[in-house]
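Each chain gets a letter, A, B and so on, in the order its sequence line appears, and its residues count up from 1.
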There are 2 protein chains.
Amino acid sequence: MSNDVPTTPEASTAYGSYVTADDVARAAGVSRWTVNRAFRKDASISAKAREKVMQAAADLGYIPDLRAAGLASARSVSARSNLVALLIDDFANPHKLVMLEHLTRALRQGGWDILLVNTLDTDDTAPALRHASQRRVDATILIGIQFSDEILDQVHQGGRQPKLIVFARTSQVEGVISIAVDDQAATRCIAEYVTRKGFRRPFYLAGPRTFSAHLLRKETFMEYWGQTHGHTPETAWIGAYDSQKAESLIRESLRGRAAEALPDVIVCENDALALGAIDAIRHDLKLRVPEDIAVIGFDDVPQAAGANYRLTTYRQPLAEMAAYLVEVLEAQEPMQSRMFLGELVARETA
Amino acid sequence: MSNDVPTTPEASTAYGSYVTADDVARAAGVSRWTVNRAFRKDASISAKAREKVMQAAADLGYIPDLRAAGLASARSVSARSNLVALLIDDFANPHKLVMLEHLTRALRQGGWDILLVNTLDTDDTAPALRHASQRRVDATILIGIQFSDEILDQVHQGGRQPKLIVFARTSQVEGVISIAVDDQAATRCIAEYVTRKGFRRPFYLAGPRTFSAHLLRKETFMEYWGQTHGHTPETAWIGAYDSQKAESLIRESLRGRAAEALPDVIVCENDALALGAIDAIRHDLKLRVPEDIAVIGFDDVPQAAGANYRLTTYRQPLAEMAAYLVEVLEAQEPMQSRMFLGELVARETA
DNA sequence: TTGTAAGCGTTATCAG
DNA sequence: CTGATAACGCTTACAA
C-alpha cells in the first residue's frame with residue numbers, strides 16, 4: 001500500500017498488464033504524482049522534469065488508464081468521464097450515416113468518446129440506457145430515435161443524472177435537451193414552395209409515429225394546407241423510414257388511378273421515403289418526375305444530389321447542430337433545447 | 001479505509017454521485033460482497049439474500065460501476081473490459097451502415113460494448129488506437145479502414161496487447177486477425193459470370209489502394225482476364241468509394257467514345273462505385289443498362305435491390321462474419337484470420 | 001453461504 | 001515545484 005518499489009520490480013511490465021504511472025515514475029526517477037502532472041497541460045512542473053517523464057513514458061509505452069482516472073476524480077463536482085453514449089435504432093435510413101459522420105467528427109474533436117449502442121427495438125432503449133450508465137457516461141444522445149417517454153423514468157431513478165440529449169428530433173419532455181431542426185418552420189417553408197410552384201393535389205408520405213418524440217412535419221403540413229387551401233391532402237404513413245417500403249406503398253396506393261386522381265406532388269417526411277417514391281413513380285407507375293408527379297424530400301442525403309434523383313429537399317444544418325451538441329456537453333450549467341433553421345435545396349424533382 | 005458506515009451516511013447518495021454497492025449493502029443489511037454476488041449469475045448466494053439485495057438495489061437505483069469493476073479485476077489473467085473500439089473512416093459508402101448494423105447487433109448481443117472512433121484521416125489511425133487503449137479496450141476493430149502497417153508498431157509498444165481485428169478487409173500483417181470475404185474467390189466468381197454472359201470488353205472501376213490492407217479484387221480480375229482472354233481490360237481507380245466521384249469519372253472517361261470503343265460491362269470494386277457508374281451511363285451518356293453497358297457491383301447494399309438499380313452484385317455474409325468476430329473476441333487462445341464465401345446476386349444490370 | 005483484507009491505477013488535497 | 005496520504009468502487013483471494 002506504499003509507493004515503494006514493489007518486491008518484484010518487473011511484475012508490472014509482465015505480459016498481460018499495462019505499464020503504470022509507478023513504472024514510469026521509477027524509470028524517470030520521480031514520484032508518481034510528477035508523472036501525472038507531466039500528462040496535464042495546466043500542471044505546475046518544470047520543463048526538465050516533464051521531459052524526463054515523457055521520455056520514460058514513451059520508452060515504456062505508458063498509456064494512462066482512464067478508468068482509474070475517472071474513478072479517482074469521481075468525487076470532484078466537475079468530474080467528467082468524457083464519454084457519451086450514442087443510441088441508434090434505425091440503420092435503413094442513409095441519413096443516419098451522414099449524422100454519424102458529423103457527430104463522430106465533432107465529438108472526437110471536442111475530446112469526447114462515444115459508446116455506440118444499437119437499441120435493438122423500442123423496448124430495448126431503457127436497458128441500453130442503464131447499460132451505458134454502467135460506464136458512467138456523461139450524457140446519452142438519442143440520434144433520431146423512436147423512444148417512449150417512460151424510459152426517462154427509468155433513468156431518473158439513479159443518483160447522478162447523465163444529460164439526456166435528443167439529436168435531430170424534438171422532444172418536449174422535461175429534462176431532455178433536444179437539438180433539432182425547426183420542423184414547423186421547415187415544413188411551412190416546404191408547403192409555401194409547393195404552393196408557389198402551383199401544386200394543387202399534394203400527397204403526404206409520413207414515417208412511423210408511435211411516440212411523442214416524433215417529427216411534427218406531417219401535422220404541420222396538414223394544418224398549413226387546410227388553412228390555405230380549405231382541404232386536407234391525402235396522406236399515408238409507413239412503419240419505417242425505408243425506401244423500398246415507400247416504393248411499394250406508393251406503387252400500391254397509386255396504381256390504376258386515373259390521371260386526374262393522381263397527386264401532382266408527393267411531399268415526403270424524409271429523403272429515404274422520397275427516393276422510394278421516385279422509384280415507384282418511374283419504374284412501377286411508368287410516369288415522369290416531376291412532369292407527372294413531383295417529389296420533395298427532407299434531409300438532403302448524398303444520393304439526393306446524384307444524377308439519378310436530383311431531389312428537391314430540405315437540408316438540416318448538421319455541422320451547426322453537432323457543434324451545439326458539443327457546447328451542451330461542455331457546459332456546467334443546464335442547457336436549453338435549441339431549434340435550427342435549415343434551407344430548402346431546390347433541384348429538379350419539384 | 002474500513003468498510004464501516006461512513007461518518008456521513010447520506011454522503012454517497014448526495015446529488016452528483018452514484019449509489020454504490022456499500023449503500024445497497026447497508027440498505028439490505030448485508031455486506032458489500034454479498035451485493036456483488038447477487039449481481040453475478042454464478043455466485044453462491046441464498047435466494048433470500050439475493051432478493052433482498054436486488055430489492056434494495058432497485059429502490060436505490062444502484063448501477064454498478066464498470067470502471068471500478070474493470071480496475072479491480074485487472075490483475076486477473078482472464079480480465080476483460082468487454083469493450084471494443086470500432087474504428088471507421090469512410091462515411092460515403094452506404095455499405096458502412098449495413099456493416100454497422102450487423103456489428104452493433106452482434107456485439108451487443110454478445111455482451112460487448114463499442115467505442116466508436118472516427119479516424120479523421122489516415123494519420124489519425126495511430127492516435128485513435130492509442131486513445132482507445134486509454135479506455136482499456138479488449139480489442140480494436142478496423143472496419144473496412146485504410147490503414148498503414150506502421151500503425152501496428154505504435155500499438156505493439158505497450159505491455160498488454162488488445163486484439164487487432166480487421167473486418168471486411170484482408171490483411172497479411174502479423175498479429176492482425178482479418179475477417180473478410182475471400183476477395184479472390186469472389187472476384188473469380190464475378191469474372192466467370194462476366195465471361196459466361198459473353199462480355200468481351202470489361203472495364204474495371206477500382207477504389208483507393210494506398211496500403212497493403214486493401215481489397216485484392218482488381219488484381220484478381222486483371223489476372224483472371226489476362227489468363228483467359230489474353231489481354232488486360234481497361235481500368236481506372238478513384239480516391240474514395242463515392243458514388244458521385246464514380247459518376248464523374250465514368251462520365252469523363254467514356255464520353256464522346258464511339259460505340260465500339262465503349263466497354264460492354266463495367267465491373268466495380270463495390271456498389272458505391274457501381275451505382276455512380278449506372279447513373280453516369282444513364283444520365284450522362286444517355287445509354288441503357290445493361291443493353292449498352294452492363295454493370296456489376298460488390299456488397300449488395302440496400303439500394304442495389306431497389307427498383308431503380310436492380311444491381312447485379314456480390315453479397316458478403318455479414319451476419320456470419322459478425323458472429324465469427326464475437327467468437328474471436330470471446331476466445332482465450334489466439335484466433336485465426338478467416339475468409340468467407342459470399343454469393344453472386346444476379347439482378348438486371350448484368 | 002458469508003465476511004474480511006488487500007489492492008487495482010489514478011487523482012484531490014495538502015504538506016514540505 | 002514536488003512528495004505524501006487517502007480515497008474512488010469494485011473484485012480476488014481467503015478465512016470464518
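Rounding to the nearest 0.5 Å gives a distance of 11.5 Å between CD1 of A/Ile143 and CD1 of A/Ile179.
The side chain of B/Thr34 contributes no N or O atom lying less than 4.0 Å from OP1 or OP2 of C/dT1. Distances shown here put a side-chain N or O of A/Tyr62 below 4.0 Å from the OP1 or OP2 atom of C/dT10. Distances shorter than 4.0 Å separate none of the side-chain N or O atoms of A/Ser73 from OP1 or OP2 on C/dT11.
In the set C/dG3, C/dT10, D/dG3, the nucleotide with an atom closest to the side chain of A/Ala69 is C/dT10. Of the listed nucleotides (D/dC10, D/dT5, C/dT10), D/dT5 has the atom at the smallest distance from the side chain of A/Trp33. Relative to the side chain of B/Asp65, the nucleotides C/dT11, D/dC10, D/dT2 differ in distance, and D/dC10 lies closest.
At a cut-off of 3.5 angstrom, counting only N and O atoms as typed in the model, there is no donor on one side facing an acceptor on the other between the side-chain of B/Arg37 and the base of C/dT1. Between the side chain of B/Arg32 and the base of C/dT2 there is no donor-acceptor pair of N/O atoms closer than 3.5 Å.
When atom types are taken as modelled, the side chain of B/Ser178 and the backbone of B/Arg169 share a donor-acceptor pair closer than 3.5 angstrom. Distance alone, capped at 3.5 Å, is enough to place a donor-acceptor pair between the A/Thr104 side chain and the A/Leu100 backbone. Under the 3.5 Å distance criterion, the side-chain polar atoms of A/Ser73 are matched with a main-chain donor or acceptor of A/Ala69.
At whole-Å resolution of the value, CG in A/Asp22 and P in D/dG3 are 12 Å apart. The CD atom of A/Gln134 sits 13 Å away from the C1' atom of D/dC10 (whole-angstrom rounding). C/dC8 atom C1' lies 14 Å from atom CZ of B/Arg67, rounded to whole Å. Rounded to a whole Å, the CZ atom of B/Arg26 is 13 Å from the C1' atom of D/dG9. One atom, CG of B/Asn36, and another, P of D/dC14, lie 17 Å apart when rounded to the nearest Å. Per the geometry, CZ belonging to A/Arg50 stands 14 Å off C1' belonging to D/dT2, to the nearest Å.
Side-chain rings of B/Tyr18 and B/Tyr62 stay apart, their centers remaining 6.0 Å or farther from each other.
Along DNA chain C, the nucleotide closest to B/Ser31 and the one closest to B/Ala72 are compared, and the more 5′ of them pairs with B/Ser31. Projected onto DNA chain C by closest heavy-atom contact, A/Ala68 and B/Val30 fall at different nucleotides, the more 5' of which corresponds to B/Val30.
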